[in-house]
Amino acid sequence: MADGSIWRGVIHAYRPFLQIAPIDPVTLYEGNTPLLPAPRLAQAIGFHGSLYLKYEGLNPTGSFKDRGMTAAITQAVAEGAQAVICASTGNTAASAAAYAARAGLQALVLIPAGKIALGKLAAAMAYGATVLAVEGNFDEALALVRRAVEVYPIALVNSLNPYRLEGQQTAAFEICDQLRRAPDWLCIPVGNAGNITAYWKGFRAYHQAGRIDGLPHLLGVQAEGAAPLVLGHPVDHPETIATAIRIGRPARGPEALQAVRESGGRLLAVSDAEILEAWRMLAALEGLFVEPASAASIAGLRRALAQGLIPSSEGTIVAVLTGHGLKDPEIALRTLSPPITISAEWDAFRRALEPILENPLARSERLPFPS
Ligand SMILES: *Cc1c(COP(=O)(O)O)cnc(C)c1O
């Protein structure tokens with residue numbers, strides 16, 4: 001922090017803005033993530049103002065979910081809970097499991113069987129959660145969890161839990177503190193719609209407190225195969241490679257629609273091909289390896305610029321990169337060219353090396369970047 005004090009997590013940093021029990025936080029010192037300028041990416045997508053990326057993959061369990069989880073688990077401890085439960089496309093599971101471990105609580109997580117990225121499942125298991133794989137999608141898993149908390153004394157830590165949103169607002173606070181103003185646009189992927197709702201709550205709170213003069217427009221981005229808020233109706237069988245936003249009945253849908261409307265923003269849907277291209281651009285142009293859902297914010301921005309929904313000549317835009325690329329290593333292995341295998345001999349190495357040195361671009365031919 002600028003004043004030289006030690007960072008001790010988002011509750012410690014922003015307590016006066018958060019409605020949460022006044023106990024010592026359960027924290028992994030989450031938050032305080034970088035806001036990185038992205039000039040090469042901006043140029044590639046035709047934006048001539050200032051583009052920044054809020055790199056939430058650098059949170060302790062690799063996604064922004066930790067901001068909400070420190071608040072939800074702290075509150076659960078204050079209320080005397082012994083166990084917590086959530087349905088999850090993966091990152092909520094990993095985060096709940098980690099914070100529950102830190103608090104000494106039991107964690108139960110329900111995931112859609114076969115539809116969660118490898119790094120998320122591995123983490124939830126390692127943190128000691130009980131993982132139940134539901135033969136169904138996220139929405140069905142969440143319906144089971146909602147029923148369970150009516151019957152059993154278990155605390156729900158999905159973003160239906162208001163403390164999750166309390167904690168997640170802190171990303172908006174940090175962006176304003178880092179920029180010393182609000183951005184003109186905030187681009188953010190939308191799944192269960194908790195995060196976009198929390199950001200809007202955060203920006204409004206900062207505005208009311210006189211910390212920022214204006215409010216940003218929100219650009220919420222869904223995947224085409226899982227775009228209930230864009231379509232205006234639930235999607236029974238959501239499909240997208242961006243598993244973190246593979247949700248057909250967003251629990252915070254109405255609040256998200258209201259936030260976008262109030263902000264004078266937009267919601268749009270992008271294809272998996274657009275998500276993958278944005279994902280490769282983030283890595284190859286800016287050195288940022290994110291999970292596919294995170295790249296949806298850039299795919300959406302690119303489309304909004306192309307359609308003239310967002311002015312391309314000026315302004316300050318922040319895109320939220322919600323989760324780390326190491327969460328989903330399989331997507332890289334599935335979509336990129338594999339390494340060239342050579343024998344451990346000088347001649348074989350030379351035969352492989354020389355054409356590469358002569359034509360350094362040959363290996364990136366599968367990256368159809370705009371010129
Ligand atoms: C949870 C998540 C999202 C979607 O956030 P919602 O609050 O469900 O809209 C996007 N990206 C990643 C990496 C996530 O983990």
Side-chain angles (χ1 to χ4, degrees), residues 30 33 53-69 72 86-96 98 109 111-112 115-117 119-121 123-124 137-139 141-142 157-162 164-165 167-169 171-172 186-202 218-223 226-230 238 240-257 259-260 267 270 275 278-279 282 288-300 319-328 331:
E30 61 296 311
T33 57
L53 307 171
K54 183 68 170 160
Y55 193 18
E56 290 287 279
L58 292 191
N59 276 295
T61 77
S63 85
F64 73 83
K65 298 298 199 298
D66 295 342
R67 294 178 183 277
M69 208 53 75
C86 64
S88 175
T89 60
N91 281 330
T92 298
S95 187
V109 306
I111 54 163
K115 295 289 186 181
I116 103 163
K120 305 177 187 180
L121 178 60
N137 58 36
F138 168 84
D139 305 291
L142 183 58
V157 294
N158 278 103
S159 57
L160 284 162
N161 177 328
R164 281 277 308 277
L165 302 199
Q168 284 172 209
Q169 294 177 86
L186 180 93
C187 310
I188 182 168
V190 176
N192 212 24
N195 209 27
I196 191 171
T197 302
Y199 267 87
W200 186 238
K201 187 168 150 62
L218 301 180
L219 180 73
V221 188
Q222 300 203 288
L229 300 180
V230 176
T240 167
I241 47 135
T243 50
I245 53 173
R246 183 175 170 272
I247 292 175
R249 294 174 189 274
R252 295 279 183 179
E255 291 101 316
L257 289 172
V260 170
L267 271 166
V270 292
I275 291 174
W279 170 79
L282 278 162
L288 292 169
F289 183 35
V290 299
E291 64 169 288
S294 305
S297 59
I298 295 300
V320 183
L321 305 181
T322 46
H324 202 285
L326 291 174
K327 293 273 189 173
D328 193 355
I331 201 81

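Atoms within a ligand are numbered from 1 in the order they appear, just like the ligands themselves.
- Among Ser63, Ala193, Ser88, Gly68, the residue whose heavy atom sits closest to atom 6 (P) of ligand 1 is Ala193.
- The atoms of ligand 1 that sit less than 4.0 Å from any heavy atom of Ala293 are 11 (N).
- One finds a salt bridge joining Glu56 and Arg67 here, because a Lys/Arg side-chain nitrogen approaches an Asp/Glu carboxylate oxygen to under 4.0 Å.
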Worksheet item: Between Ser63 and Lys327, does a side-chain hydrogen bond (donor to acceptor under 3.5 Å, both in side chains) hold up when you go through it step by step?
Response: CA-CA 9 Å; Ser63 85; Lys327 293 273 189 173; 5.1 Å; no
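- Taking a cut-off of under 4.0 Å to the non-hydrogen atoms of Gly194, the atoms of ligand 1 that pass are 6 (P), 7 (O), 9 (O).
- Looking at ligand 1, you'll find an N or O of Gly191 within less than 3.5 Å of one of its N or O atoms.
- With salt bridges taken as basic N to acidic carboxylate O contacts below 4.0 Å, none links Lys201 and Glu255.
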Item to complete: List the steps and the verdict of side-chain hydrogen bond (donor to acceptor under 3.5 Å, both in side chains) for Asn59 and Glu30.
Response: CA-CA 5 Å; Asn59 276 295; Glu30 61 296 311; over 6 Å; no
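- An N or O contact shorter than 3.5 Å is missing between Gln168 and ligand 1 by distance.
- Set against the non-hydrogen atoms of Val190, the atoms of ligand 1 under 4.0 Å away are 9 (O).
- Of the inter-residue distances, the one linking Thr89 atom OG1 with Arg246 atom CZ reads 9.5 Å to the nearest 0.5 angstrom.
- For ligand 1, the atoms lying closer than 4.0 Å to a non-hydrogen atom of Lys65 are 1 (C), 2 (C), 3 (C), 14 (C), 15 (O).
- Classified by interplanar angle (parallel below 30°, tilted 30° to 60°, perpendicular above 60°), the ring pair Trp279/Phe289 is tilted.
- Considering only heavy atoms from C-beta on, Pro250 comes within 4.5 Å of Pro228 through its side chain.
- The shortest heavy-atom contact between Asn158 and Cys86 is OD1-CA, 3.2 Å.
- Annotation: side chain of Ile275 is not in contact with side chain of Val221 (no heavy-atom distance under 4.5 Å).
- Nearest heavy atom pair, residue Thr243 against residue Lys120, reads OG1-NZ, 4.2 Å.
- The shortest N or O to N or O distance between Ser294 and ligand 1 is not under 3.5 Å.
- The residue among Thr322, Ile196, Ile245 with a heavy atom at the shortest distance from atom 4 (C) of ligand 1 is Ile245.
- The protein heavy atom nearest to atom 7 (O) of ligand 1 is Asn195 N, 2.8 Å.
- The atoms of ligand 1 that sit less than 4.0 Å from any heavy atom of Glu291 are 13 (C).
- Listed by number with element, the atoms of ligand 1 under 4.0 Å from a non-hydrogen atom of Gly323 are 13 (C).
- The protein heavy atom nearest to atom 5 (O) of ligand 1 is Phe64 CZ, 3.5 Å.
- The Asn192 neighbourhood of ligand 1 comprises atoms 6 (P), 8 (O), 9 (O), with distances under 4.0 Å to a heavy atom of that residue.
- With a heavy-atom cut-off of 4.0 Å, Asn91 touches ligand 1 through its side chain alone.
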